[in-house]
Amino acid sequence: IVNHLAGLGHRKIAVFLVPASVAPSLHIRANLAISALKNLGIEPTVLNISRMSEAGSTATHLPEQISALITPNDRWAVATLEGLPPHHNLSLTGYDGVGVYASPLLGLTTIRQPIKEIGATAIDLLLDELFV
């Protein structure tokens, strides 16, 4: 997602950072995005946010120069979209790309997880552990 946004020319990027106590995996995911942005020479605006219900209002009050926002997953991206005014100029990204959030009708930029491959790998690893 970071490379995609940078490739589109975004240089002023914000990242929602959810506390580890609220969602450890989302916290890790955001920190990885922050590190990746810094590795590209982009200093992200980090937004500490605890509740999805705050996403839209937080995004609405971003400085004007922010052109993209990395949210922790697709649900957060949709919650952000719901709170933004029509015709906003903010590029949003999500993560997961599963279920209803994968619908092309949303037009959501997301990282789609390869669920079948993840499941198959998990079963293979489990079987290796059981029969080794």
Side-chain angles (χ1 to χ4, degrees):
I1 249 342
V2 167
N3 290 334
H4 176 71
L5 291 173
L8 292 174
H10 293 283
R11 294 296 175 264
K12 299 292 184 183
I13 301 171
V15 178
F16 277 161
L17 179 60
V18 178
S21 59
V22 172
S25 64
L26 301 185
H27 182 80
I28 292 167
R29 189 179 288 170
N31 276 314
L32 290 170
I34 291 165
S35 294
L37 286 165
K38 289 180 178 181
N39 287 339
L40 291 176
I42 298 171
E43 188 59 41
T45 298
V46 178
L47 304 166
N48 293 298
I49 184 167
S50 300
R51 294 190 318 252
M52 199 178 337
S53 61
E54 301 168 346
S57 63
T58 301
T60 299
H61 294 97
L62 283 172
E64 230 176 80
Q65 66 268 23
I66 301 292
S67 63
L69 171 61
I70 297 173
T71 67
N73 64 26
D74 296 340
R75 290 179 56 217
W76 281 75
V78 170
T80 303
L81 274 173
E82 290 175 340
L84 287 172
H87 312 295
H88 62 85
N89 290 323
L90 186 64
S91 295
L92 289 173
T93 67
Y95 191 94
D96 291 330
V98 296
V100 67
Y101 301 109
S103 171
L105 293 174
L106 289 176
L108 186 60
T109 299
T110 189
I111 297 291
R112 283 182 172 66
Q113 294 193 65
I115 299 299
K116 288 181 182 178
E117 290 85 0
I118 291 171
T121 300
I123 289 171
D124 288 344
L125 290 170
L126 178 62
L127 290 174
D128 286 348
E129 287 297 314
L130 290 172
F131 297 108
V132 171

- Hey, could you give me the CG/OG distance between L69 and S91, rounded to the nearest 0.5 Å? 9.5 Å
- Separation between CG (L37) and CG (L32), nearest 0.5 Å, reads 11.0 Å
- Minimal heavy-atom distance between K38 and P44, with the atoms involved, is CG-CD, 3.9 Å
- Item | For D74, side chain to side chain donor-acceptor pair (under 3.5 Å) partners two or more places apart | T110
- Message: Once rounded to the nearest 0.5 Å, what's the spacing between atom CE of M52 and atom OG1 of T71?
- Response: 10.0 Å
- ILVMFWY cluster, I1 and L26 together (side-chain gap under 4.5 Å): no
- G94 and A77: which non-hydrogen atoms are nearest, and at how many Å? CA-CB, 4.1 Å
- Message: Rounded at 0.5 Å granularity, tell me how far CG in L130 sits from CG in L127.
- Response: 6.5 Å
- Message: Is there a path of hydrophobic side-chain contacts, each under 4.5 Å between heavy atoms, that joins L81 and Y95?
- Response: no
- Message: Can you list everything that forms a salt bridge (Lys or Arg N to Asp or Glu O under 4.0 Å) with R29? Sequence neighbours excluded, please.
- Response: D96
- Task: Using a cut-off of 6.0 Å, state whether more than 12 heavy atoms not belonging to E64 lie near its atom CD.
- Result: no
- What are the two closest heavy atoms between L62 and A14, and how far apart are they? CD2-CB, 4.1 Å
- Message: For residues V15 and L5: do they belong to one hydrophobic cluster (side chain heavy atoms under 4.5 Å, members Ile, Leu, Val, Met, Phe, Trp, Tyr)?
- Response: yes
- Message: How close do S67 and H10 get, counting heavy atoms only, and between which atoms?
- Response: OG-ND1, 2.6 Å
- Message: Could you check whether atom CG of N39 has more than 12 heavy atoms from other residues, nucleotides or ligands sitting under 6.0 Å from it?
- Response: yes
- Message: I'd like to check the side chain to side chain donor-acceptor pair (under 3.5 Å) partners of H88; sequence neighbours left out, ordered by chain and number.
- Response: none
- Is W76 linked to I66 within one hydrophobic cluster, defined over Ile, Leu, Val, Met, Phe, Trp and Tyr using a side-chain heavy-atom separation of less than 4.5 Å? yes
- Message: For the CZ atom of F16 and the OG1 atom of T93, what is their distance to the nearest 0.5 Å?
- Response: 10.5 Å
- Query: Can you check whether G56's main-chain N or O pairs, donor with acceptor, with T80's side chain at less than 3.5 Å?
  - Reply: no
- By side chain to side chain donor-acceptor pair (under 3.5 Å), T58 pairs with (sequence neighbours left out) none
- Atom pair CZ (R11) and CD1 (I42), whose distance is rounded to the nearest 0.5 Å: 4.5 Å
- Non-neighbouring partners of E54 that pass side chain to side chain donor-acceptor pair (under 3.5 Å), sequence neighbours left out: R51
- Minimum-distance pair of heavy atoms, taken over all atoms of A59 and L90: CB-CD2, 4.1 Å
- Message: Strictly distance-based, threshold 3.5 Å: is any side-chain N or O of T60 a donor or acceptor partner for the main-chain N or O of G83?
- Response: yes
- Sequence neighbours left out, what pairs pass side chain to side chain donor-acceptor pair (under 3.5 Å) with at least one residue falling in residues 114-127? none
